[in-house]
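Remarks on the structure that follows.
As the structure is a computational prediction, the values presented were derived from the model and not from experiment.
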Amino acid sequence: MISDAHRLQQAFDEAELHADTDTLRALLADDFRSIGDQGHVLDKAQWIGKFAEFAYLSLDSSDVEVHRYEHAAIVRCVQRSRSTWRDQEMALTVRVSQTWVEQPEGWQLAGIQFSTLGEA
């Protein structure tokens with residue numbers, strides 16, 4: 001499952017980079033939650049809806065660690081991105097923690113949390 005979790009993380013990054021909302025709907029659990037750097041929480045619909053005003057220009061994950069449990073996997077990485085939000089360009093380096101859970105229909109992302117890193 002470790003390599004499977006890494007492949008899921010990569011599929012999620014690709015869907016994010018290309019604003020592939022159909023793939024995101026399939027990858028995100030119905031009770032998905034994102035916790036942002038300032039503590040803001042987004043549910044599945046809000047996460048997918050962000051693409052109305054947000055777009056990645058580049059997205060790269062490195063230092064990927066995967067820890068497997070019976071029906072869950074934790075993926076941690078460092079993510080560097082360039083994006084636009086409401087036509088404003090941003091560049092971020094964040095540490096990301098993803099919680100993947102095994103559901104009857106397959107593996108889905110139940111949660112993601114971000115912490116901004118300094119100049120890295």
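Between Arg33 and Asp43, none of the side-chain N atoms (NZ, or NE/NH1/NH2) sits under 4.0 Å from a carboxylate O, so this pair counts as no salt bridge. Comment: Glu14 does not engage Arg7 in a salt bridge, judged by the lack of any side-chain N to carboxylate O separation of less than 4.0 angstrom.
The side-chain hydrogen bond (donor to acceptor under 3.5 Å, both in side chains) check on Ser62 picks up Arg80, with sequence neighbours excluded. Annotation: side-chain contact (heavy atoms from CB on, under 4.5 Å) contacts of Arg95 (sequence neighbours excluded): Val78, Leu117. Residues satisfying the side-chain contact (heavy atoms from CB on, under 4.5 Å) criterion with Ser83, sequence neighbours excluded, are Phe54, Tyr56, Met90. Taking Phe12 as the reference, nothing meets the ring pair (Phe, Tyr, Trp, His ring centres under 6.0 Å) condition, with sequence neighbours excluded. Gln88 pairs by the side-chain contact (heavy atoms from CB on, under 4.5 Å) definition with nothing, not counting sequence neighbours. Among residues two or more places apart in sequence or in another chain, the side-chain contact (heavy atoms from CB on, under 4.5 Å) test is passed with Thr116 by Asp37, Val94.
Rounding to the nearest 0.5 Å places SG of Cys77 at 6.5 Å from CG of Asp13. Rounding to the nearest 0.5 Å gives a distance of 10.0 Å between CZ of Phe114 and OG of Ser97. Within the model, atoms CD of Gln108 and CD of Gln103 stand 5.0 Å from one another, a figure rounded to the nearest 0.5 Å. Atom CD of Gln10 sits about 4.0 Å away from atom NE2 of His6, to the nearest 0.5 Å. In this structure, CG on Leu42 lies 11.0 Å from CD1 on Ile48, to the nearest 0.5 angstrom.
Between the side chain of Gln98 and the backbone N or O of Arg76, no donor-acceptor pair lies under 3.5 Å. Formation of a donor-acceptor pair under 3.5 Å by the Lys44 side chain with backbone atoms of Asp31 is not found in this model.
Between Phe32 and Trp47, the ring-plane angle classifies as perpendicular under the 30° and 60° cut-offs.
Residues Leu92 and Phe51 share a hydrophobic cluster, clusters being chains of Ile/Leu/Val/Met/Phe/Trp/Tyr side chains in contact below 4.5 Å. Ile35 and Val101 sit in two unconnected hydrophobic clusters of ILVMFWY residues. Membership requires side-chain heavy atoms under 4.5 Å apart, directly or through other members. Val41 is not connected to Trp85 by any chain of hydrophobic side-chain contacts under 4.5 Å among Ile, Leu, Val, Met, Phe, Trp and Tyr, and they are in different clusters.
Here the shortest heavy-atom pairing between Glu70 and Glu102 reads O-OE1, 4.0 Å.
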Under the criterion side-chain contact (heavy atoms from CB on, under 4.5 Å), I'd like the reasoning laid out for Leu59 against Glu16: C-alpha separation, chi angles, the key distance, then a yes or no. CA-CA 8 Å; Leu59 179 63; Glu16 287 280 290; 4.0 Å; yes
side-chain contact (heavy atoms from CB on, under 4.5 Å) between Glu89 and Leu57, intermediate numbers included: CA-CA 9 Å; Glu89 275 201 42; Leu57 304 172; 3.8 Å; yes
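Inspection of the Gln9 and Ser61 side chains reveals an N or O donor paired with an N or O acceptor under 3.5 Å.
The residue from Leu8, Ile74, Val66, Ile112 that alone fulfils the side chain to side chain contact (heavy atoms under 4.5 Å, CB included) condition with Trp100 is Leu8.
By the neighbour-count criterion of 12 heavy atoms within 6.0 Å, atom CG of Asp30 is sparsely surrounded, having that number or fewer from other residues, nucleotides or ligands.
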